[in-house]
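Because only heavy atoms are used, hydrogens play no part in the values below, and waters and symmetry mates are left out as well, while side chains stay in.
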Amino acid sequence: MRVPIAKWVRQLERRALTRRSLLRGAAAALLFGACGDDRARGGDGRGDGGVPPPDAPRGPAPGELVEAPLSTFPLGVASGDAGADRVSLWGQYRGLAALYVAVWEVVDEAYGDVVAWARVNLRDGGFGQVDLDGLAPGAPYVFAFVEVVDDEAVGRSALGQFRTALAPDEVAPLRFGATSCTRNRLSMAAMTHAGSRDDLAFFALLGDTFYNARARTRDEFRLGWAENLRTLGYRQLRASTSVLATWDDHEIANNWDPESLPEPLLLEGSAALFEHLPIRRDRQRPDRIYRSTRWGKTVEVFVLDCRSERRPSTRLRADAQYLSRAQMDWLKSGLAASPCAFKVILNSVPITNFPSVFDVVAADRWEGYPAARQEILSFIEGEAIGGVLWLSGDFHFASAGRVAPAGQLGASALEVLVGPAAQDPNPLWAAIVDTPQFDFASGTNNYAVIDLEPGERRATFTFHDPRGDVFATRSFVV
C-alpha cells in the first residue's frame, strides 16, 4: 500500500499486534515495566534523526505498509547496543527510494505512536545505521526501514523489535541469550531457534560471527558476511532482539594479531565488521570495540576487544599487552565503580587456565599473556569485586567452571563458555568432564540463555541444542 505522507497523523489508531507480538509486549511489560512518555531524538549524524515538530507527519502504522521483497533488504534488520534511552538501528538497502527508519512504541499490547522518524544516510554498499537517543527506559519498541518516493511511503523492511535497558536505579530479574562461532554454510538451526524466542532482553555475539576464508578486499568480505547474515537464523535472531557484539579472529584471519596481520587486511576486515554489526561507534575513537552497557542495577556488561590490541612480542614480559593499557584501566575502573549486582565480561577468548592438553593454543588466549591475566584477576580478587562473571566463546564447546584449579589465582572466579552455534565440535571438551575445576562440558552445538536474579546474585545457564531442546542447566551464585 502506498501511504501519502500528508495523511499521516500524530496520534495513530491503536492496532492490535499479531499474537507473537502480543506475547512479546506482555513479556516486556512483565520484565521491564510500563512504557514512558519520552520521545526519541536522533543520533550521531549517520541518520537525520529527530522528533518531528507538532505539525509534522508522524509516520504510518506497520500494517499500512507492504513489506518489500527480501532482495530489497537482503540481510534483514538489526538493532544493537540498547541502553536505557538509546539504541542503534541497522539495515542494508538495495532499492532506489529515499530511506527512513520508523520506531513505534508498544503500549497496551498495541502499536502506539511513531516515536522516531529519521532519514537514513546510506553508505557505500547500501549500509545504513541510525543511533537514536531519548527513548523510554525498560520499554519494548518495534522498528522498520521505510521506502519513500515522491512523498509517499511505498514499502518497508521486515519488522524488528528491541527493548531498552532498565532505568539506571532499577533492579529486576533479567534474561538474555549468547553464543559464538557460526561457520559459513553450516546449519544455523540454533540461531533460528534463538530468534524464535520472545523473552530475551538482548543477545550477545561473542565472536567468530562469520568465518573468513580468502577475503582480502572489502567486496570479498561483504560476500562472506552476507553468506551468514542472509540465513533465516541470523535474520530472525537479529530482528527479534538487540544484539551486543564483539569479534574474535575468524572475522579476519585465523589467530591473527595486529603485529603479524598486514595493515590493509586489518583495515578492510575491521571496516567490514562495522558495516555488518549494529555497534554504536565511539565519537572520539570510532574503531574502538570495547564498551559497556548497564541494565539498571542488575547487570553491567563489559564488552572486551581481546584481538586487535594484543602484542605477541610482549607476551612473556612483565608488561605483557593482551589488552591495551587504556582498555585494561577502563575495565578495572569500570568493574570497581559498577553499582550492579552482576558484572558480565564478554570475553571472546577464555581466561580460564585449562589443563595442559589445551596448551598447544595457549599463546592465543589470556594464558599466553600471564602478566596481563594476573593483573586483572588479582585486581578483581584484591578489590573484592563481587558478581563478576566471565562469558566467552572460541573453543567450539560449552563449559562452566572455575577460572583456575584450587589453590591458584582465579580459583573462585567463574567462566562459562557458550557456543558453537554452527561449528564442528572441539573433541577436547571430553578432557574436562568430571574434573573438580569444571561443572559441565559438552561439544553439542548450542546457544545459552542466561537468567540473572540480582537479589540472591544467582546466574542460571540453560543450554539449548539446534532443535531448541535443553540439554544442560547450571546455576551459580557469583
Side-chain angles (χ1 to χ4, degrees), residues 46-47 65-82 87-97 99-103 118 120-131 142-147 155-162 179 182-192 194-196 202-205 207-213 215 217-247 250-252 268-281 421-422:
R46 282 174 290 158
L65 293 171
V66 175
E67 183 174 340
L70 182 60
S71 58
T72 305
F73 296 93
L75 306 184
V77 299
S79 61
D81 287 11
V87 73
S88 291
L89 304 178
W90 177 99
Q92 185 191 35
Y93 180 56
R94 294 298 194 189
L96 299 176
L99 195 66
Y100 291 77
V101 66
V103 179
V120 182
N121 297 323
L122 296 173
R123 301 187 296 274
D124 181 58
F127 297 100
Q129 183 170 324
V130 176
D131 294 341
V142 173
F143 73 97
F145 291 86
V146 180
E147 300 176 283
R156 64 163 172 82
S157 67
L159 297 177
Q161 301 180 87
F162 66 89
T179 198
T182 51
R183 187 170 185 173
N184 301 45
R185 303 182 185 177
L186 296 184
S187 171
M188 293 290 174
M191 306 299 284
T192 304
S196 72
F202 61 92
F203 198 94
L205 297 173
D208 294 343
T209 301
F210 106 98
Y211 277 66
N212 181 36
T217 68
R218 185 74 60 83
D219 286 343
E220 290 170 345
F221 273 105
R222 288 171 177 172
L223 288 173
W225 275 99
E227 188 175 12
N228 264 15
L229 298 186
R230 72 188 177 200
T231 61
L232 175 63
Y234 263 111
R235 285 188 286 111
Q236 191 160 300
L237 174 67
R238 297 193 337 149
S240 70
T241 190
S242 66
V243 299
L244 196 55
T246 188
W247 66 352
H250 288 289
E251 284 87 354
I252 298 183
E268 292 301 322
S270 60
L273 176 103
F274 284 114
E275 284 183 338
H276 291 86
L277 295 177
I279 295 173
R280 192 175 180 110
R281 310 289 287 275

Begin from the C-alpha positions of F73 and F145 and carry the test side-chain contact (heavy atoms from CB on, under 4.5 Å) through to its verdict.
CA-CA 9 Å; F73 296 93; F145 291 86; 3.7 Å; yes
Just do the side-chain hydrogen bond (donor to acceptor under 3.5 Å, both in side chains) check on S157 and Y93 with the steps written out, would you?
CA-CA 9 Å; S157 67; Y93 180 56; over 6 Å; no
Say whether, by atom type as modelled, one donor and one acceptor occur between the side chain of D208 and the main chain of H250 under 3.5 angstrom.
yes
Measure the CZ-OG1 distance between F203 and T241 for me, rounded to the nearest 0.5 Å.
9.5 Å
Point-to-point distance, once rounded to the nearest 0.5 Å, from OG1 of T231 to CZ of R185
13.0 Å
Do the side chain of E220 and the main chain of T217 share a donor and acceptor less than 3.5 angstrom apart?
yes
Under 3.5 Å, side chain of E251 to main-chain N/O of T209, donor-acceptor pair present?
yes
Q129 side chain to I279 main-chain N or O, any donor-acceptor pair under 3.5 Å?
yes
May I ask you to test the V103-V142 pair for a side-chain heavy-atom distance under 4.5 Å?
no
Which value, rounded to the nearest 0.5 Å, describes the distance between W225 atom CH2 and L273 atom CG?
4.5 Å
Close side-chain approach of D219 and L223, heavy atoms under 4.5 Å:
no
Hey, could you give me the CD/CD1 distance between E268 and I252, rounded to the nearest 0.5 Å?
10.0 Å
Mind listing the closest non-hydrogen atom pair of R280 and D81 along with its distance?
N-OD2, 3.0 Å
Using a 4.5 Å cut-off on heavy atoms from C-beta on, say whether the side chain of V243 contacts that of Y234.
no
For G126 and L122, work out which heavy atoms get closest and say how close.
O-CD2, 3.5 Å
For the pair F210 and F221, name the ring-plane relationship: parallel under 30°, tilted 30 to 60°, perpendicular over 60°.
perpendicular
What are the two closest heavy atoms between Y211 and R183, and how far apart are they?
CD1-CA, 3.5 Å
Interatomic distance, CG@L229 vs CE@M188, rounded to 0.5 Å, equals 8.5 Å
Check R222 against G125 and note the closest heavy-atom contact, atom names and distance.
NH1-CA, 3.9 Å
Judged by atom type as modelled, is there a donor-acceptor pair below 3.5 Å linking the side chain of S79 to the main-chain atoms of L89?
no
Do side-chain atoms of N121 reach the backbone of G128 as a donor and acceptor pair under 3.5 angstrom?
no
Kindly write out the residues that satisfy ring pair (Phe, Tyr, Trp, His ring centres under 6.0 Å) with W90, not counting sequence neighbours, or none if the list is empty.
none
Below 4.5 Å, heavy atoms only, C-beta onward: do S88 and R281 meet side chain to side chain?
no
When rounded to the nearest 0.5 Å, the distance separating CD of Q92 from CD of E275 is 8.5 Å
Any side-chain heavy atom of R238 within less than 4.5 Å of one from V77?
no
Whether the side chain of N184 engages the backbone of G224 through a donor-acceptor N/O pair (distance < 3.5 Å, no angle test) should be reported.
yes
Compare every heavy atom of V130 with every heavy atom of A118, then report the nearest pair and how far apart it is.
CB-CG1, 4.1 Å
Between Q236 (side chain) and T192 (backbone), is there a donor-acceptor pair under 3.5 Å?
yes
Closest heavy-atom pair and its distance - F143, A78:
CZ-O, 3.6 Å
Determine yes or no for a side-chain-to-main-chain donor-acceptor pair under 3.5 angstrom, with R235 supplying the side chain and R230 the backbone.
yes
